[in-house]
Structures are given as C-alpha cells and as structure tokens.
Amino acid sequence: MEWAWRNRDQVLELFWQHTWLSVVPLVIGFLLAVPIGWYASRHPRLRGTLLGVGSVLYTIPSLALFVTLPGIIGTGFLDPLNVVVALSVYAVAIMVRTAADAFTSVSPAVLDSATATGYSSRQRGFGVELPLAGPVLLAGVRVVSVSTVSLVSVGALIGVSSLGSLFTNGYRRDFLTEIVVGLVGIVVLALVLDALLVLAGRLLMPWDRQSRRAQGPFWRRFAGGRVAESAVTLGGEA
C-alpha cells in the first residue's frame with residue numbers, strides 16, 4: 001500500500017488509460033454487434049456463417065493480433081489504436097452470438113401483435129424487439145466487459161501503457177508489490193464497470209426487474225427450474 005500511495009499519480013494514470021482502452025472497444029463492439037446479431041436472427045441461412053466468422057475471429061491470439069494490426073491499418077507499433085481495434089474485433093465476435101440469441105428469443109406472436117397494431121418495421125425494432133432482447137444483451141455486454149478489461153493488460157507486452165504495465169515492470173524488477181497493485185487495479189476496474197452496467201440495466205429496463213420480482217425470489221426460481229428439469233428427465237410434463 002505504501003508503494004501504491006507513493007506512486008499514486010502513475011497508478012491513477014495507468015488506471016484511466018486502462019479504463020479508456022476497455023470502454024471504447026466495449027461501446028464499438030456493442031454498436032456493431034447488435035445490428036449484425038439482429039440480421040442473423042432474421043436470416044437463418046446466414047446465421048451460421050455470421051456466427052462462424054465471429055468464432056474464428058475470437059480464436060486469433062490477442063498478442064498476434066496486436067502485432068499484425070499496425071501493418072494492416074497503418075498505425076504505429078505502439079499506437080493504442082491497435083489495442084482498441086483488436087479488442088473491438090473480439091467484442092463483436094462475442095456479442096454477435098449473444099445478440100442473435102437475444103433477438104431470436106423474442107416471441108414471434110409479440111412481433112405479429114406489434115405489426116397488427118400498426119408498428120412500422122423500425123418502430124417494431126426499436127420499440128419492441130430491442131427492449132425485449134435487452135436483458136440478454138446486457139448479460140452479453142457484462143461478459144464482454146470482463147473479457148476486455150482482462151485483455152487490455154496484454155497490450156503492455158507490446159508497450160501500450162495500461163495497468164498491465166505494472167505486471168511487466170514488476171516481473172522485470174522482480175518486485176511483487178507492483179504486480180499485486182496492477183492485479184488489484186484490474187479487478188477493481190472490472191467490478192466497477194460491471195456494477196455500472198447493472199445499474200444502467202436497472203435504469204433503462206425496469207420491466208426486467210419487475211418480471212424477475214414477479215417470478216419470486218431466486219431460490220424459488222431455482223427450485224422451480226430444478227423441478228421442471230426433473231419432470232423432463234422423468235418424461236413428465238414440465
């Protein structure tokens with residue numbers, strides 16, 4: 001703690017740098033993945049191809065992508081933009097599948113009812129499909145948030161400053177305290193971003209909380225799920 005306090009300016013600067021490198025890809029990934037996922041949910045023939053492309057992109061090692069991107073997009077080797085672009089690719093790769101599942105889960109009967117009541121295609125998309133898919137989308141964004149915060153630290157290996165720099169410096173100097181400060185900072189950042197996403201979900205989607213409240217406490221939903229699962233296993237009706 002004494003070392004962290006003495007070097008608080010450096011730690012805070014790396015913390016904000018890590019935050020910026022995490023939040024920007026998260027936003028870009030969400031904005032790109034939602035329309036692609038919606039398109040995949042409406043075109044089953046292309047769904048497999050789009051999801052397959054996302055899976056392939058996610059298998060590319062992050063360090064290899066950081067190293068090759070400067071030659072592809074024409075940036076400098078130490079440009080933080082390389083990390084932003086690479087992590088945006090990963091965010092899209094994860095979020096496309098979640099978005100496709102989220103929009104597919106919306107009941108066709110609800111969409112037909114919206115069309116019957118005079119909703120245009122755009123009104124139905126923003127006023128019905130997106131709100132109903134929101135809880136699943138939020139769950140996907142939370143997963144991407146944690147993954148992105150973790151991957152940003154890999155950028156320190158190619159010289160992009162972040163809390164991961166405390167790892168590389170600590171290992172080079174054989175100084176455990178610096179490594180621990182970097183680790184704690186990353187965990188704190190991941191928890192803060194996750195808490196903000198949960199708070200945003202509660203503010204933007206109050207119906208989700210009311211729906212879960214109507215289903216009863218967690219233990220009752222869990223027990224109900226186990227009973228239904230047992231009934232299906234035994235060949236009964238759930």
Side-chain angles (χ1 to χ4, degrees), residues 3-4 7-34 36 51-99 138-197:
W3 180 90
N7 297 275
R8 58 187 179 278
D9 291 339
Q10 177 194 359
V11 174
L12 284 175
E13 182 180 351
L14 294 174
F15 184 87
W16 291 122
Q17 180 78 0
H18 202 112
T19 302
W20 177 78
L21 291 173
S22 301
V23 172
V24 174
L26 187 63
V27 174
I28 294 175
F30 178 80
L31 294 177
L32 292 178
V34 168
I36 296 174
L51 299 186
V53 171
S55 299
V56 170
L57 290 175
Y58 195 67
T59 61
I60 302 174
S62 56
L63 187 57
L65 193 56
F66 292 159
V67 172
T68 55
L69 267 178
I72 298 174
I73 62 178
T75 54
F77 192 74
L78 299 180
D79 195 329
L81 187 60
N82 300 326
V83 176
V84 172
V85 173
L87 297 186
S88 297
V89 170
Y90 288 135
V92 172
I94 300 175
M95 275 297 298
V96 163
R97 180 177 295 276
T98 303
L138 176 62
V141 171
R142 293 177 65 185
V143 172
V144 175
S145 173
V146 174
S147 172
T148 303
V149 170
S150 175
L151 286 174
V152 167
S153 58
V154 180
L157 296 176
I158 60 171
V160 177
S161 297
S162 68
L163 289 171
S165 302
L166 299 177
F167 293 169
T168 54
N169 292 337
Y171 277 116
R172 188 165 53 242
R173 299 165 53 198
D174 195 20
F175 185 42
L176 181 61
T177 301
E178 191 171 3
I179 298 173
V180 172
V181 170
L183 177 62
V184 171
I186 291 174
V187 172
V188 169
L189 177 57
L191 292 176
V192 169
L193 290 181
D194 190 64
L196 291 175
L197 288 172

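No experiment lies behind these values; they were computed from the predicted model shown.
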Taking Ser150 for its side chain and Val146 for its backbone only, find out whether a donor-acceptor pair lies under 3.5 Å.
no
Full working for side-chain contact (heavy atoms from CB on, under 4.5 Å) between Trp20 and Val84:
CA-CA 9 Å; Trp20 177 78; Val84 172; 4.1 Å; yes
As an exercise, state the distance from CD of Glu178 to CZ of Arg172, rounded to the nearest 0.5 Å.
8.5 Å
About how many Å separate CG of Leu12 and CD of Gln17, when rounded to the nearest 0.5 Å?
13.0 Å
Just to verify, which of Val180, Val187, Ile186, Val181 counts as forming a side-chain contact (heavy atoms from CB on, under 4.5 Å) with Val184?
Val180
Side chains of Phe167 and Leu157 in contact at under 4.5 Å (non-hydrogen atoms)
no
Calculate, to the nearest 0.5 Å, the distance between atoms CG and CG belonging to Leu31 and Leu26 respectively.
9.5 Å
Enter the distance from Leu189:CG to Thr19:OG1 here, rounded to the nearest 0.5 Å.
4.0 Å
Side chain Asn82, main chain Val67, donor-acceptor under 3.5 Å:
no
Taking all heavy atoms of Gly185 and all of Leu163, pick out the closest pair and write down the distance.
C-CD1, 3.5 Å
N/O donor-acceptor pair under 3.5 Å between Tyr90 side chain and Leu151 backbone
no
CD1 of Ile94 to OG1 of Thr148: how many Å apart, nearest 0.5 Å?
6.5 Å
Looking at Ser145 and Val141, would you say the former's side chain and the latter's main chain have a donor-acceptor pair under 3.5 Å?
no
How many angstroms lie between CG in Leu166 and CZ in Phe15, if you round to the nearest 0.5 Å?
12.0 Å
Tell me if a side-chain donor or acceptor on Ser22 pairs with a main-chain N or O of His18 at a distance below 3.5 Å.
yes
Just so I know, are the side chains of Val92 and Tyr58 near enough to count as touching, which here means a heavy-atom distance under 4.5 Å?
no
Where is the tightest heavy-atom contact between Ala33 and Met95, given as atom of each residue plus distance?
CB-CB, 3.3 Å
Taking all heavy atoms of Ala156 and all of Ser165, pick out the closest pair and write down the distance.
CB-N, 3.5 Å
Residue pair Leu32 / Ser88, side-chain heavy-atom distance below 4.5 Å:
no
Taking the side chain as every heavy atom from C-beta outward, state whether Leu69 and Thr75 have any atom pair closer than 4.5 Å.
no
Which heavy atom in Leu21 sits nearest to a heavy atom in Ser162, and how many Å separate them?
CD1-CB, 4.4 Å
Tightest non-hydrogen contact, residues Val160 and Pro80, listed as CG1-CA, 4.1 Å
Would you find a donor on one side and an acceptor on the other, under 3.5 Å apart, between the side chain of Tyr171 and the backbone of Ile179?
no
Is any side-chain heavy atom of Ser161 closer than 4.5 Å to a side-chain heavy atom of Glu13?
no
